[in-house]
There are 2 protein chains.
Amino acid sequence: MPKAQRMAQMLTVAEEIFAEQGYLATSMDEIAERVGVSKPMLYEYFGSKEGLLIGCIHRARTELREKTAAAIAGAAGPEEFLRLGLLAFFEFIDEHRRSWALLRQEAAVAVPSAQEEVEGIRQQQTDMIGAVLASFTPEIDPLEAEAFAEIVVGATERLAVWMERRPSVGPALATDYVMNVIWPGVARKLPEPAPHA
Amino acid sequence: MPKAQRMAQMLTVAEEIFAEQGYLATSMDEIAERVGVSKPMLYEYFGSKEGLLIGCIHRARTELREKTAAAIAGAAGPEEFLRLGLLAFFEFIDEHRRSWALLRQEAAVAVPSAQEEVEGIRQQQTDMIGAVLASFTPEIDPLEAEAFAEIVVGATERLAVWMERRPSVGPALATDYVMNVIWPGVARKLPEPAPHA
DNA sequence: GCAGTAGGTTACTCGAAGTAAGTTACGAGC
DNA sequence: GCTCGTAACTTACTTCGAGTAACCTACTGC
């Protein structure tokens, strides 16, 4: 099997087993066996167990970025922008419970580079939110804009975990909840009182 | 040395080394050596490496609960309650950067029981917030109250991480930022328009 | 002064990460 | 239609750290 294809397969299997049993409880031999290949192949392609984990996170991160970018492309104002971004995020989580569990639970593992990779995902999001906020309210204190972006990301992430425990809550409702809490605080900062829906 | 005292010392040392190097990169031999005792003593008192980690988290959790309870004891209304609770949390983080790093980064490790212990801390907080919200706005949708509590906890946690990267931001300012974003959204749910400061 | 126990140690086992060295499959060039 | 090179793969190790069995020691109450 060609390298690229084999790597993708390894990531898929690893993601599944990591999510199932946890990073620590999973052995490379087990992953290798389920892939149908021997352990040194994993090391050939990913260097280490940690490298394999990072590969999983990285793939999810890329996918999330692409979906979010597509979703917000046509947003007209800050409210719609925020709403569409949040919705894209919650939908991604909803479709990828496995990878999401991996990101939140396993990846925060002591492994420093995996930590960085996860922080990279958050950075993607805070940057995006910070940028849109700054572009719509140019006179805002940059530090406060940054804090705001962090708050939104934290709130969203936490609500995503909560959503998993609450089957009746889907992406749309989760988005509403976050917007309900957060939007009034932002609207006050906008130049004109924002004629929101 | 008596058992209780030795255990406390072990927790202190373990917390420090875990926070420094990460859970995975730390060996029990190393902790034992730095405590000045042999490895089986750690197993005698904590059962496993995971047990030691859980001990660290549990101690921090207890301390946080006590400090928060003391801080909010005299709160007059929902706004003051929230503000004092947030402030107590950020002050705790500020004083315990080490344990906080441990909680956020290491404890989320694949180890399921450590995961539960950390979730317990969040549960403490969401319960508290949910309870106060329900008591002040009895007619609120319970699901929405729950979502709100999760949002506040997520936002707060994330902002605490951010605060560590931003030395100029202290507990007071962090509290302000969170309140600025969150309070307007809550105030709308209250029976009367809340004459906030 | 002896018994029981709290607090401690040395010296192992065992499992899993990581590696060295070698093997097979297979397309390109003659 | 053979052979050279390389991509894909394996077997058989080493090493390191979690966890344990078995043994030691000093103090306290009687």
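So you know, we letter chains A, B, ... as the sequences are listed, proteins then strands, and number each from 1.
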Exercise. Looking at Ile182(A), Val181(A), Val152(A), which hits side chain to side chain contact (heavy atoms under 4.5 Å, CB included) with Val181(B)?
Worked result: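 Among Ile182(A), Val181(A), Val152(A), the one that satisfies the side chain to side chain contact (heavy atoms under 4.5 Å, CB included) with Val181(B) is Ile182(A).
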Exercise. On DNA chain D, which is the earliest and which the latest nucleotide, 5' to 3', with an atom closer than 4.0 Å to a heavy atom of chain B?
Worked result: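 Result: dG17(D) to dA21(D).
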Exercise. What residues, two or more places apart in sequence or in another chain, satisfy side-chain hydrogen bond (donor to acceptor under 3.5 Å, both in side chains) together with Gln9(B)?
Worked result: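 Partners of Gln9(B) under the side-chain hydrogen bond (donor to acceptor under 3.5 Å, both in side chains) test: Arg6(B).
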For this session: List in chain and number order the residues that pass side-chain hydrogen bond (donor to acceptor under 3.5 Å, both in side chains) with Ser48(A), two or more places apart in sequence or in another chain; answer none if no residue qualifies.
Result: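 Partners of Ser48(A) by the side-chain hydrogen bond (donor to acceptor under 3.5 Å, both in side chains) criterion come out as none, since no residue qualifies.
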For this session: Give the rounded distance in Å between these two atoms: CD of Glu44(B) and P of dT5(C).
Result: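 To the nearest whole Å, that distance equals 15 Å.
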Exercise. CE of Met7(B) versus P of dG7(C): gap in Å, rounded?
Worked result: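 Roughly 11 Å, once rounded to whole Å.
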Exercise. So does Glu164(B) pair up with Arg158(B), basic N to acidic O under 4.0 Å?
Worked result: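 Answer for the salt bridge query: no.
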Exercise. Under a 4.0 Å N-O cut-off, is there an ion pair linking Glu150(A) with Arg122(A)?
Worked result: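 Judged by the 4.0 Å cut-off on N to carboxylate O distance, Glu150(A) and Arg122(A) do not form a salt bridge.
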Exercise. At under 4.0 Å between heavy atoms, what does Tyr45(A) touch on the DNA or RNA strands: base, sugar-phosphate, or nothing?
Worked result: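 Counting heavy atoms under 4.0 Å across all strands, the contact made by Tyr45(A) is with sugar-phosphate only.
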Exercise. For residues Glu30(B) and Gln21(B), is any side-chain donor paired with an opposing acceptor at under 3.5 Å?
Worked result: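 Short answer, yes.
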Problem set entry | By salt bridge (charged side-chain N to carboxylate O under 4.0 Å, His left out) - contacts of Arg65(A) (at least two apart) |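 Residues passing salt bridge (charged side-chain N to carboxylate O under 4.0 Å, His left out) with Arg65(A): none at all.
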Considering only nitrogen or oxygen atoms on both sides, find all protein atoms under 3.5 Å from nucleotides 17-19 of chain C and state each distance.
| unit_1 | atom_1 | unit_2 | atom_2 | d |
| --- | --- | --- | --- | --- |
| dA17(C) | OP1 | Thr26(A) | O | 3.3 |
| dA17(C) | OP1 | Lys49(A) | NZ | 3.0 |
| dA17(C) | OP2 | Met28(A) | N | 2.9 |
| dA17(C) | N7 | Lys39(A) | NZ | 3.2 |
| dG18(C) | OP2 | Tyr43(A) | OH | 3.2 |
| dG18(C) | OP2 | Lys49(A) | N | 3.0 |
| dG18(C) | N7 | Lys39(A) | NZ | 2.9 |
| dG18(C) | O6 | Lys39(A) | NZ | 2.9 |

For this session: Just grab all the ring-ring contact (aromatic ring centres under 6.0 Å, His included) pairs involving residues 51-90 of chain A, residues at least two apart or on different chains.
Result: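 Every ring-ring contact (aromatic ring centres under 6.0 Å, His included) pair that includes a residue of residues 51-90 of chain A, provided the two are not neighbours, is Phe89(A)-Trp100(A).
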